[in-house]
Structure formats: structure tokens, C-alpha cells
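Below: one structure, written as C-alpha cells.
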Number of protein chains: 2
Amino acid sequence: MPRIHHVSLDCSPGCPVEATLALIGGKWKGLVLYHLFEEEVLRFNEMRRRLPNVTQRMLTSQLRELEADGFVLRKIYPEIPPKVEYRLSARGRSLEPVIRALKAWGDAHVVVKGAVAKGAVAKGAGTPPKRSAHSPKRAVA
Amino acid sequence: MPRIHHVSLDCSPGCPVEATLALIGGKWKGLVLYHLFEEEVLRFNEMRRRLPNVTQRMLTSQLRELEADGFVLRKIYPEIPPKVEYRLSARGRSLEPVIRALKAWGDAHVVVKGAVAKGAVAKGAGTPPKRSAHSPKRAVA
DNA sequence: CCCGACGGTATACTTTTCGACACTATGGGC
DNA sequence: GCCCATAGTGTCGAAAAGTATACCGTCGGG
């Protein structure tokens with residue numbers, strides 16, 4: 001997913017859709033934003049424990065990008081061991097309708113491991129994909 | 001953006017967010033879905049004309065993935081020259097709240113080329129990104 | 001002393017996504 | 001004949017995203 005930093009788009013009526021997706025589309029960003037909605041403030045390792053399989057490197061990177069894009073505020077406490085808090089900015093909170101819509105759709109349509117598949121799942125969708133999802137390889141169904 | 005074909009996720013509460021983003025996060029998918037919402041049926045080159053800079057190759061690929069994921073229906077007419085129509089399935093239409101939320105947020109927060117920048121734009125956002133958005137390089141503002 | 005926690009950084013590498021280019025058969029218009 | 005339109009396919013490479021591994025200083029607990 002390309003990252004757009006408030007560059008101007010070649011606008012067609014759909015550009016805002018594309019731009020929004022580009023801002024929040026990093027692999028872990030949706031989850032990071034979601035968890036910050038659920039729990040107002042999180043520290044680095046608290047966030048890390050909520051994201052299965054994320055690496056330290058990637059979490060740092062995505063948090064920094066979200067901060068750079070103005071969605072997340074990062075507060076450093078001058079302590080040892082280090083204490084850093086992450087929370088949503090006003091701009092980040094303005095994404096709530098987006099994140100809720102993504103969550104609502106996913107709840108209704110995505111099969112969760114161990115859950116009984118809902119009727120909403122597309123019938124023809126049982127065939128395995130050509131390539132695995134971007135998750136640990138062993139997770140392939 | 002990884003493609004998830006109804007594989008089971010290692011579920012944490014945010015998984016539905018991640019899964020939904022993975023399904024619609026291809027570079028052109030948001031725009032394709034958006035335009036199919038706006039205009040019930042589109043042929044291939046009609047869609048193509050609505051997406052600035054898309055290549056034939058990429059449009060075909062993203063349409064096929066959306067079809068494979070059950071969002072888009074493809075109707076072939078046995079004619080020459082070829083006539084193919086694309087429209088949203090019921091499952092595709094169920095994405096409307098997601099696409100509308102993405103569009104609404106983008107409308108309020110993303111600067112469009114030629115438009116006066118709104119106050120909502122983050123102040124610090126003027127600095128160029130480390131790397132360009134995934135679009136033709138010369139398109140950088 | 002060793003281990004784990006904290007919140008990272010650095011580097012190299014792998015995987016994934018996307019784009020560029022050439023090509024396809026048919027028919028209509030010039 | 002050439003060009004354009006239709007809706008693609010095939011191949012390769014570039015760019016981007018993401019991962020793996022090692023390392024860092026300080027402190028507290030065992």
C-alpha cells in the first residue's frame with residue numbers, strides 16, 4: 001500500500017477513498033488504530049502484546065508513520081526503564097467511523113479461526129488462494 | 001497489502017479490521033468499488049477511464065481479485081468486439097458503509113489538487129515523504 | 001552474574017505489489 | 001493498410017513493504 005503524505009492527488013471523484021486507504025493501509029496500522037480506540041492509551045509493549053506476530057521493528061515503523069501522519073501522539077516520560085505512551089490525536093479519533101465500519105464488515109463477513117462459519121461467507125470462496133496471506137506461513141488453512 | 005481469501009486469522013479483537021483492509025486494500029480496489037457504487041454497471045474501458053493512470057494489466061488483475069473474493073460480478077456478452085460488464089454482488093454492496101466512511105473521511109481531510117487546503121490538514125504535513133506514493137514518479141506534487 | 005523488561009536501532013534479506021512493455025483477434029472508419 | 005476500440009494475457013523487472021536477526025543501556029529480581 002503506497003504511503004501518501006498529503007500530496008495532492010490527480011483527483012477523480014474516488015480519490016478520497018484511495019487516499020484514506022493509503023494512509024491507514026499499512027499491514028498493522030488498522031490494528032494499531034483499532035486498539036487505540038478501544039483503550040485510550042497504550043505503551044509500546046502493551047500494543048505489541050495485542051498484535052499477534054508483529055515484530056518490534058515493524059511496530060515501531062508503523063507507529064512512527066502514524067505519528068508522522070498526525071494520527072497518533074507519542075509521549076515520552078524521562079524515566080528508566082523507558083516509558084512511552086501512545087494515544088490518538090483528534091485527527092486520529094476522526095477515523096473512528098472508518099475503523100468501526102471496517103470492523104463491522106469484518107465481523108459480519110470474515111471467518112475467525114475456531115468459529116463456526118457464518119452463512120454470509122461466499123460459497124465459492126473455499127478454494128485456496130494462489131499465495132498465502134501476509135501472515136505466518138503455517139497459518140495457511 | 002496481503003490478500004486474504006477467507007483464511008482463518010489468528011484472532012485478536014482487531015482481526016476483522018485487518019481482514020477487511022486486506023480484502024479491499026489493493027491500490028485500485030477502493031476506486032473500483034467506489035465507481036461501481038456510483039454507477040451500477042461499468043464495462044472495462046469505462047472503468048479504466050475513471051481511474052487516472054491505471055494500467056490495463058493492473059485493472060484486469062484487481063477486477064479479477066475482486067471477482068474471486070466475491071465482491072464483483074462479471075458478465076460476458078458473446079459479441080465481437082468483446083463486451084464485458086462489471087457490477088457489484090450483494091457481498092460487494094455490503095461494503096457500502098466502508099467505502100462511504102473512507103470517502104467521507106478523505107473528503108474532510110485530504111487535500112485535492114487545485115483545491116484550497118482546508119484547516120483540517122495537519123500543519124506538519126508539508127514535508128515530503130521518504131518515498132513517493134505508489135504512483136507514477138512524475139506525479140509527485 | 002544472569003535474565004527479563006523497557007523501547008527501541010541497524011542491517012540484510014525476503015516477500016509482495018505494482019508497473020512496463022509487447023502481444024492477441026476482430027471489426028469499423030478513414 | 002493503418003489506426004482505434006474492445007478486453008484482455010504473458011513476462012519481466014522495479015519498487016515497496018515487511019521480516020529476521022543481532023544489538024543497545026539501564027534497572028530490578030533471583
Side-chain angles (χ1 to χ4, degrees), chain A residues 1-5 18 21-32 41-49 51-67 72 74-86 129-140, chain B residues 1-5 18 21-32 41-49 51-67 72 74-86 129-140:
Chain A
M1 172 65 56
R3 295 197 66 233
I4 299 180
H5 296 254
E18 175 184 11
L21 276 172
L23 285 168
I24 67 173
K27 177 169 177 176
W28 302 101
K29 288 181 182 175
L31 283 180
V32 166
V41 180
L42 284 171
R43 294 177 63 179
F44 185 88
N45 278 340
E46 289 174 339
M47 176 68 74
R48 194 173 176 195
R49 285 192 281 275
L51 305 186
N53 304 315
V54 73
T55 61
Q56 195 154 27
R57 179 94 185 71
M58 276 315 301
L59 181 54
T60 302
S61 172
Q62 304 263 282
L63 281 167
R64 293 307 179 101
E65 285 178 18
L66 288 168
E67 187 189 6
V72 160
R74 178 164 171 266
K75 183 174 184 180
I76 302 167
Y77 293 78
E79 296 180 11
I80 293 184
K83 175 177 174 177
V84 178
E85 286 182 346
Y86 293 92
K130 286 198 189 63
R131 44 181 186 252
S132 58
H134 222 199
S135 60
K137 291 181 176 56
R138 68 182 177 274
V140 174
Chain B
M1 172 65 55
R3 293 196 68 233
I4 300 180
H5 297 254
E18 174 183 13
L21 277 172
L23 284 168
I24 66 172
K27 177 170 176 176
W28 302 101
K29 288 180 181 175
L31 283 179
V32 166
V41 180
L42 284 170
R43 294 177 63 178
F44 183 88
N45 278 341
E46 288 174 340
M47 175 67 74
R48 193 172 177 196
R49 285 192 280 276
L51 305 185
N53 303 316
V54 74
T55 60
Q56 197 152 27
R57 182 93 188 67
M58 278 314 302
L59 181 52
T60 301
S61 171
Q62 305 261 283
L63 281 167
R64 291 309 179 96
E65 285 178 18
L66 287 169
E67 186 190 6
V72 160
R74 176 164 172 268
K75 183 174 184 180
I76 303 166
Y77 293 79
E79 297 180 9
I80 292 185
K83 174 177 175 179
V84 178
E85 286 182 347
Y86 292 93
K130 287 198 188 65
R131 46 181 185 249
S132 58
H134 225 195
S135 58
K137 290 180 175 58
R138 67 183 175 275
V140 174

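We name chains A, B, ... by the order of the sequence lines, and we start the count at 1 in each one. For clarity, every value in this text was computed on a predicted model and none was experimentally measured.
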Item checked: Distance in angstrom units between B:R48 CZ and D:dG8 P, rounded -> 11 Å
Check: Can you tell me how far P of D:dA20 sits from CG of A:L59, to the nearest Å?
Finding: 14 Å
Margin query: Treating primed atoms plus P, OP1 and OP2 as sugar-phosphate and everything else as base, which nucleotides of nucleotides 21-30 of chain C get B, S or - for protein heavy atoms under 4.0 Å?
Written below: -----SS---
Next item on the list: Mind listing the closest non-hydrogen atom pair of B:L31 and A:E18 along with its distance?
Entry: CD1-OE1, 3.3 Å
Next item on the list: Could you work out which one of C:dG19, D:dT6, D:dT19 sits closest to the side chain of B:M58?
Entry: C:dG19
Item checked: Chi angles and distances behind the side-chain contact (heavy atoms from CB on, under 4.5 Å) call for A:V84, A:F44 -> CA-CA 7 Å; A:V84 178; A:F44 185 88; 5.5 Å; no
Check: Taking CD from B:E67 and P from D:dA7, how many angstroms apart are they, rounded to a whole number?
Finding: 14 Å
Check: Would you say a side-chain N or O of B:N45 is under 4.0 Å from OP1 or OP2 of D:dA5?
Finding: no
Note to self: Output the rounded distance in Å from CG (B:N53) to C1' (C:dG19).
What the structure shows: 11 Å
Next item on the list: Rounded to the nearest angstrom, tell me the gap between atom CD in A:E79 and atom C1' in D:dG28.
Entry: 15 Å
Check: If you look at every strand shown and take non-hydrogen atoms under 4.0 Å, does B:E85 touch a base, only sugar-phosphate, or nothing?
Finding: nothing
Margin query: Looking at every heavy atom in both B:V41 and B:E46, which two are closest together, and how far apart are they?
Written below: O-OE1, 4.4 Å
Check: Contact class for B:Y77 vs. all strands (heavy atom < 4.0 Å): base, sugar-phosphate, or nothing?
Finding: nothing
Item checked: Distance-minimising heavy-atom pair for B:L63 and B:V32 -> CD2-CG1, 3.8 Å
Check: Can you check whether B:R64 has a side-chain N or O nearer than 4.0 Å to OP1 or OP2 of D:dT9?
Finding: yes
Check: In whole angstroms, how far is the P atom of D:dG18 from the CG atom of A:L51?
Finding: 13 Å
Note to self: A quick test of your reading: do over 12 heavy atoms of other residues, nucleotides or ligands sit less than 6.0 Å from NZ of B:K83?
What the structure shows: yes
Next item on the list: Return the value, rounded to whole Å, for the distance between atom CD of A:E65 and atom C1' of D:dA16.
Entry: 11 Å
Note to self: I need the CD-P distance between B:Q62 and D:dT9, as an integer number of Å.
What the structure shows: 14 Å
Checklist line | side-chain contact (heavy atoms from CB on, under 4.5 Å) assessment of A:T60 paired with A:T55 | finding: CA-CA 9 Å; A:T60 302; A:T55 61; over 6 Å; no
Item checked: Given C:dC6, D:dA7, D:dG18, the nucleotide with the shortest approach to the side chain of A:R43 -> C:dC6
Note to self: Which residues pass the side chain to side chain contact (heavy atoms under 4.5 Å, CB included) test with A:I80, not counting sequence neighbours?
What the structure shows: none
Item checked: Sugar-phosphate only, base, or nothing, as touched by A:E46 at under 4.0 Å among non-hydrogen atoms -> nothing
Next item on the list: Report yes if at least one side-chain N or O of B:R49 is closer than 4.0 Å to OP1 or OP2 of D:dA5; otherwise report no.
Entry: no
Notebook entry, point to check: Between B:K83 and D:dA5, is there a side-chain N or O to OP1/OP2 distance below 4.0 Å?
Noted result: no
